[in-house]
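See structure below.
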Amino acid sequence: MLTTLFIVLTASVVLNAAIVLTARWHIQITGDSAQNGAHKAHTGIVPRIGGAAVFAAAALGVLMAMPKLYPAANYVFAAMTACVFLMFGIGFLEDVTKKVRPTIRYSVCIAAALIFSLANAQLGVKSVDVPLLDAALAYAPVSVLFFAFAVAGMTHACNLIDGQNGLCAGYAIMAYLALGLVAGLTGQAALAVICEVVIAANLGFLFFNFPQGRIFLGDGGAYMNGALIAILAVMVVNGGQGYISPWFALAVLVYPVTETLHSMVRRCREGRAFYEPDDAHLHHLLRDWLETRSRIVARFSALVPLGLSGGFMVLAVPSASSTPQLAILSAAYLLVHIALYHLARSRLRAQATVQQLSD
């Protein structure tokens, strides 16, 4: 397995390096300009197709690992790769055309998740440890639809946090690590292998993305990671045969889910469309706050939300079977996230006021 992981890591490094080194020949198509939206956090034009390298390296790793797995697992992972490819593909199409409407992207992600569910004995979210909701989830159509909307939602949640060098890929690596550890501890070796493969693929990308930002994941890469994390979270919980609490999945997904829901509420309170992009997310505020102190330090601002979410994941792994503990952890993260958001915003406003007075 170590040989497979080394090959995946090497493939990711080589493919990402190739994209960076040949940028002048494709940058007009693959480039992400800081002028393309208010939510951009970089300057200049940077290739935004790093997700293609990550997906290709991960797919190679899955193909190499499949002969070592049992036949049923091969079918599941082949179907998983195909359906995740659809979600990656619609994101990649947006990366190179910038013309795919959000509703179309979201619809494709829902359809791909439904296909994967139906191809795997109606895989769905069987329980959330909330009696009234569990009663509804006992019906297969409800369980499958909940799964599809959750997977599609996670693709866009990961895309939302992909606004700072190293943030989305760094979060994904931590999420795969947490899911892989719990999968391994509960005898789900095949799922643990997939987590290891995708960790290696994302590490190869990080060499060029953090902290210098010479290449970006793009929508394709963010969709791929978001979809795969959500799918694996459901499969790890379901495969735990009652040992793993459904709240473990939430504890792993809590950062992008919190950022997404908080952003939607914030925009609605400001009288804007809940889906309108902006540069007022936690990672944006932290970057701007740190930049007032040191531009060099600001380049590493992603480490703050990563450290926060990673710390809670570390606590979630040994608590994977305890719904009360995981619920407390999730609620604690929510409170800390919002408190940090308001702290960063208040400090920026105070600095802006001081600047105005001094002018």
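The basis for the numbers below is simple: all heavy atoms, side chains too, and nothing from hydrogens, waters or symmetry mates. In what follows, residues are counted from 1 in the order of the sequence shown.
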Set of side-chain contact (heavy atoms from CB on, under 4.5 Å) partners for Thr258, sequence neighbours left out: Val254, Tyr333, Leu334, His337
Residues which pass ring-ring contact (aromatic ring centres under 6.0 Å, His included) with Tyr176, listed by chain and number, not counting sequence neighbours: none
Members sharing Leu60's hydrophobic cluster (side chains within less than 4.5 Å): Ile7, Met64
Residues clustering with Val100 (ILVMFWY side chains joined when closer than 4.5 Å, directly or via others): Ile90, Leu93, Ile104, Val108, Tyr223
Residues that Tyr341 engages under ring-ring contact (aromatic ring centres under 6.0 Å, His included), provided they are two or more places apart: His262
Results of side-chain contact (heavy atoms from CB on, under 4.5 Å) for Ala222 - residues two or more places apart only: Asn159, Asp162, Cys168
Non-neighbouring partners of Phe85 that pass side-chain contact (heavy atoms from CB on, under 4.5 Å), sequence neighbours left out: Phe55, Phe88
Pairs where residues 246-269 contributes a residue and the test salt bridge (charged side-chain N to carboxylate O under 4.0 Å, His left out) is met, not counting sequence neighbours: Arg266-Asp278, Arg267-Asp278
Verdict with supporting geometry, Phe210 and Phe205, ring-ring contact (aromatic ring centres under 6.0 Å, His included): CA-CA 9 Å; Phe210 182 79; Phe205 163 79; over 10 Å; no
ring-ring contact (aromatic ring centres under 6.0 Å, His included) partners of Tyr106, counting only residues at least two apart: His156
Other cluster members, Leu21 - Ile/Leu/Val/Met/Phe/Trp/Tyr, side-chain contacts below 4.5 Å: none
Test ring-ring contact (aromatic ring centres under 6.0 Å, His included) applied to His342 - qualifying residues, sequence neighbours left out: none
With Asp134 via side-chain contact (heavy atoms from CB on, under 4.5 Å) - residues at least two apart: Ser127, Val128, Asp129, Leu137
